[in-house]
Asker: 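Structure incoming, see below.
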Amino acid sequence: MPWKCGIDGCGAVFEDVEATVVHQATEHERRECKVCGTVVPDGYLAIRHAFTEHSRAEYVRAYGASSEAVREREELLEEIESVADMQAIATELKR
Ligand SMILES: [Zn+2]
Ligand SMILES: [Zn+2]
């Protein structure tokens, strides 16, 4: 199943999740985390930052997210983490 970049109607399609995450981190503007102000790559890495560095309550407060939006992101994180080679992504992003 191909992976699609979901940032702002980008819609770029990739064969694997690693390529998708690298695309999001290199082709899209970085964004500021609304909770702590850290600038992080958009897309998966932004979601990962928000959900690993901050509590659900902080996320909901800062982003005005619904519980459904939170659940969707949690599911996405789990799905990506189960298939992605994070080491390969980190290596690719260091170039
Ligand atoms: Zn994109
Ligand atoms: Zn943050």
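First listed ligand is number 1; within each ligand, the first listed atom is number 1. Given the structure is predicted, the values throughout are model-derived calculations rather than measurements.
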Asker: Looking from the Zn ion (ligand 1), what is the angle between NE2 on H23 and SG on C10, to the nearest 10°?
Answerer: 110°
Asker: Students often mix this up, so state it plainly: with edges at 30° and 60°, are the rings of Y59 and F51 parallel, tilted or perpendicular?
Answerer: tilted
Asker: Give, rounded to 10 degrees, the angle between SG (C5) and NE2 (H28) as seen from the Zn ion (ligand 1).
Answerer: 110°
Asker: Where the Zn ion (ligand 2) is the centre, what is the SG-to-NE2 angle for C36 and H54, rounded to 10°?
Answerer: 110°
Asker: Between Y44 (side chain only) and I80 (backbone N and O only), is there a donor and an acceptor less than 3.5 Å apart?
Answerer: no
Asker: Specify the closest pair of heavy atoms between M86 and L45, including all atoms of both residues, with the distance to one decimal.
Answerer: CE-CD2, 4.5 Å
Asker: In terms of relative ring orientation, are F14 and H23 parallel, tilted or perpendicular, with 30° and 60° separating the classes?
Answerer: tilted
